[in-house]
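Reading through the structure tokens given below for one structure.
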Amino acid sequence: MIRVLISGHRVDWDEYGELLSAALTDAGIDAEVIHETRPRSPETIDYIVYAPWSDMKDFSPFTGAKAVINLWAGVEGVVTNETLKVPLARMVDPGLTGGMVEWCVAHALRHHLGIDRDICRRDAVWDPHLPPLARERPLTILGFGVLGQAVAEALSGLGFPVTGWSRSAKDVAGVTCLSGEDGLVAALRRAELLILLLPLTPATEEIMNSERLALLPKGAILINPGRGPLIDDNALLAALDSGHIAHATLDVFREEPLPGDHPFWAHPGITVTPHIASGTRPDTAVEIIVENIRRGEAGEPLLHLVDRSLGY
Ligand code: NAP
């Protein structure tokens with residue numbers, strides 16, 4: 001029998017405990033799933049399912065662990081932990097991907113169609129306006145991985161000319177794929193709508209600084225469901241105040257919850273959403289966790305391994 005520790009708060013155990021036990025049984029894996037803040041006999045734990053808000057920061061007692069399976073797509077909270085010596089897998093979950101696609105499409109269309117203009121209207125003014133078609137609105141996605149590509153597919157399906165930018169060169173049908181510094185400049189220059197779906201790493205922190213914000217076309221819209229520190233907050237506020245950026249919809253922040261006195265809350269050019277762009281969905285995520293445990297037990301490579309030298 002293997003032992004699987006869910007390391008997180010009570011809520012994680014409530015959501016995942018029963019589902020994970022059942023999915024392991026269905027997969028024919030004889031396992032005990034436990035949730036203890038300080039588990040007895042930590043050296044006997046085989047797999048750690050890790051929630052980023054877990055209080056556990058020292059992996060060294062888990063001398064028999066074969067892998068840590070992160071419950072979130074983003075791993076910046078665990079990837080630099082020096083006590084972690086075993087492979088780290090991140091979450092790629094169809095439910096999470098679907099949620100991100102829906103959130104990004106909704107917020108892109110809100111700005112593209114100027115929906116606020118109509119739904120906020122209470123002044124009895126009949127003010128017809130013809131929004132452009134999607135095909136007339138170039139859209140760029142920085143971070144062209146699992147989530148970026150899924151969002152690109154949905155938005156290019158609606159007609160947006162989509163450019164995706166990533167570290168390594170890619171070739172994806174129907175999308176302009178760019179990489180490298182030159183690629184970034186070109187991707188930003190055309191981005192009337194810009195979506196950030198990069199992981200937070202030393203290489204991406206404050207990637208959207210004042211110089212890069214200035215590359216965007218005047219009146220651009222910025223949508224950030226990636227991570228807060230991808231943006232230099234003060235540079236963004238200055239770009240909004242000057243009118244260079246028309247609006248920013250931000251789901252993630254340097255500090256979460258976003259402090260009540262933070263200028264983002266009151267700024268008319270900013271929409272704050274409380275890190276809800278997408279979450280891991282327990283029913284689909286347990287299938288991924290179980291598949292990785294099965295692979296670990298069979299001596300096969302795990303899915304979605306994090307490259308710790310790159311930080312994602
Ligand atoms: P992923 O599959 O690892 O994709 C990351 C993408 O970013 C890849 O295309 C990667 O390039 C690119 N990238 C990384 N570092 C780069 C750099 N220095 N320069 C250029 N491109 C770089 O990750 P994912 O699953 O799509 O998730 C992306 C992020 O979304 C997560 O890390 C997390 O922060 C965020 N997220 C937010 C929420 C939310 O609710 N707000 C939910 C889930 C995830 P390569 O393709 O060349 O590797």
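In each ligand, atom 1 is the first atom listed, and ligand 1 is the first ligand listed. What you see is a predicted model, and the numbers here were worked out from it, not measured in a lab.
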Closest to atom 43 (C) of ligand 1 (judged by heavy-atom distance), picking from Val252, Leu196, Thr273, Leu147: Leu147
Ligand-side contact atoms (ligand 1) for residue partner Leu96, heavy atom cut-off under 4.0 Å: 43 (C)
Donor-acceptor side-chain pairing of Asp118 and His129 below 3.5 angstrom: yes
Within-cut-off N or O pair, Ile276 and ligand 1, under 3.5 Å: no
Lys170 and Ser168: side chain donor to acceptor below 3.5 Å: yes
Atom indices of ligand 1, in the order listed, that fall short of 4.0 Å to a heavy atom of Gly143: 6 (C), 7 (O), 9 (O)
N/O separation below 3.5 Å, Ala203 to ligand 1: no
Other residues, nucleotides, ligands: >12 heavy atoms within 6.0 Å of Glu291 CD: yes
Close aromatic pair by centroid cut-off 6.0 Å: Tyr47 and Phe62: no
Side chains of Thr271 and Arg110, donor plus acceptor under 3.5 Å: yes
For atom 35 (C) of ligand 1, the protein heavy atom that lies nearest, with its residue and separation: Gly226 O, 3.6 Å
Per-atom contacts, ligand 1 versus Trp165 - under 4.0 Å to a heavy atom: 19 (N), 20 (C), 21 (N)
Asp251 N/O under 3.5 Å from ligand 1 N/O: yes
Any donor-acceptor N or O pair under 3.5 Å, side chains Thr280, Asp93: no
Protein contact of atom 48 (O) of ligand 1 - nearest heavy atom, named by residue and atom, plus distance: Tyr312 OH, 2.5 Å
Aromatic centroids of His275 and Trp72 separated by under 6.0 Å: yes
Pair His111-Thr249, side-chain donor/acceptor within less than 3.5 Å: yes
No-hydrogen, no-angle side-chain donor-acceptor test under 3.5 Å, Thr163 and Arg190: yes
Identity and separation of the nearest protein heavy atom to atom 40 (O) of ligand 1: Ser278 O, 2.7 Å
Nearest-contact summary for atom 25 (O) of ligand 1 - protein heavy atom, Å: Arg90 NH1, 2.9 Å
Which residue and heavy atom of the protein sit nearest atom 28 (C) of ligand 1, plus the separation: Leu197 O, 3.4 Å
Shortest heavy-atom approach to atom 47 (O) of ligand 1 - which of Pro199, Ala277, Ser168: Ser168
Nearest candidate to atom 33 (C) of ligand 1, where distance is taken over non-hydrogen atoms, out of His275, Glu181, Met91, Arg227: Arg227
Polar contact flag for Lys170 and ligand 1 (N/O pairs, less than 3.5 Å): yes
Nearest neighbour of atom 38 (C) of ligand 1 from the list Arg167, Gln149, Glu76, Met100, on a heavy-atom basis: Met100
Short side-chain donor-acceptor distance under 3.5 Å, Ser54 and Ser7: yes
Minimum-distance protein heavy atom relative to atom 4 (O) of ligand 1: Gly145 CA, 3.2 Å
Whether His35 side chain and Ile6 backbone form a donor-acceptor pair below 3.5 Å: yes
Residue, atom name and distance, where the atom is the protein heavy atom closest to atom 29 (C) of ligand 1: Leu198 O, 3.8 Å
Under 3.5 Å side-chain donor-acceptor pair for His112 and Arg137: yes
Minimum-distance protein heavy atom relative to atom 17 (C) of ligand 1: Thr204 CG2, 3.9 Å
